[in-house]
Amino acid sequence: MADSTADSSNPPKVTELLEDIGHDLKTIASDELELTRNKLIRYLEALVRKASVAFLGATVALIGLGMLCVVVVVALAPIIPALWLRLLLMAVVYIVLGGGATYIYARRMLAMPGPDLDKQISEIRETAKAIGQGLQH
């Protein structure tokens with residue numbers, strides 16, 4: 001910044017103006033990078049929270065499904081006398097239902113939109129371009 005004690009009738013020197021402009025551009029660029037970083041951090045934190053809740057829910061659901069399969073194995077005893085056949089049948093049911101639920105969840109997670117950083121990235125590019133042009137002149 002120009003010295004505030006300087007005489008107001010003397011215009012600031014070109015070097016002082018360039019230093020001020022350079023400082024301002026540096027500040028703008030660092031602020032833009034900080035905003036982008038903060039937005040990305042907020043997105044990743046939300047993603048981790050959602051994934052943690054989903055993982056916990058999936059674990060509880062698969063344990064519950066396993067317990068239901070055990071109940072069905074016992075309930076099928078009068079119809080299918082062979083224990084190995086009942087266990088095999090319910091293992092296949094467990095794999096199909098658990099795999100299907102995992103597939104559906106994975107598709108939903110992959111379809112989730114990422115952070116919208118286009119504005120921040122374009123502002124960073126514009127700032128970098130302005131700095132480059134300022135240095136050339």
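Not counting sequence neighbours, R108 has no partner by the side chain to side chain donor-acceptor pair (under 3.5 Å) test. For R37, the salt bridge (Lys or Arg N to Asp or Glu O under 4.0 Å) partners two or more places apart in sequence, or in a different chain, are E34.
The cluster map of Ile, Leu, Val, Met, Phe, Trp and Tyr, joined by side-chain heavy atoms under 4.5 Å apart, puts L87 and V92 in different clusters. Hydrophobic cluster membership is shared by Y94 and L88, with clusters built from Ile, Leu, Val, Met, Phe, Trp and Tyr side chains linked at under 4.5 angstrom. Under a hydrophobic-cluster definition in which Ile, Leu, Val, Met, Phe, Trp and Tyr are linked whenever side-chain heavy atoms come within less than 4.5 Å, directly or via other members, L85 and I79 are assigned to the same cluster. W84 and I80 fall within the same hydrophobic cluster, where Ile, Leu, Val, Met, Phe, Trp and Tyr residues are linked whenever their side-chain heavy atoms come under 4.5 Å apart, directly or through other members. I28 and L35 are assigned to two separate hydrophobic clusters, defined by single-linkage of ILVMFWY side chains at heavy-atom distances under 4.5 Å.
Taking CZ of R107 as the reference point, atom OG1 of T102 lies at 14.0 Å (rounded to 0.5 Å).
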Self-check item: Intermediate values then yes/no, side-chain contact (heavy atoms from CB on, under 4.5 Å), R42 and N38
Solution: CA-CA 6 Å; R42 283 193 306 272; N38 289 340; 3.8 Å; yes

For residues 61-68, please give each side-chain donor-acceptor pair under 3.5 Å, one per line with the distance, not counting sequence neighbours.
none

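Residues M90 and V73 approach most closely at CG-CG2, 3.4 Å, considering heavy atoms. Shown here for Y105 and A51, the closest heavy-atom pair between the two residues is OH-CA, 4.0 Å. Considering every non-hydrogen atom in both A77 and R86, the closest pair reads CB-NH1, 3.1 Å.
In this structure, the side chains of V72 and V93 stay at 4.5 Å or more apart for every pair of heavy atoms.
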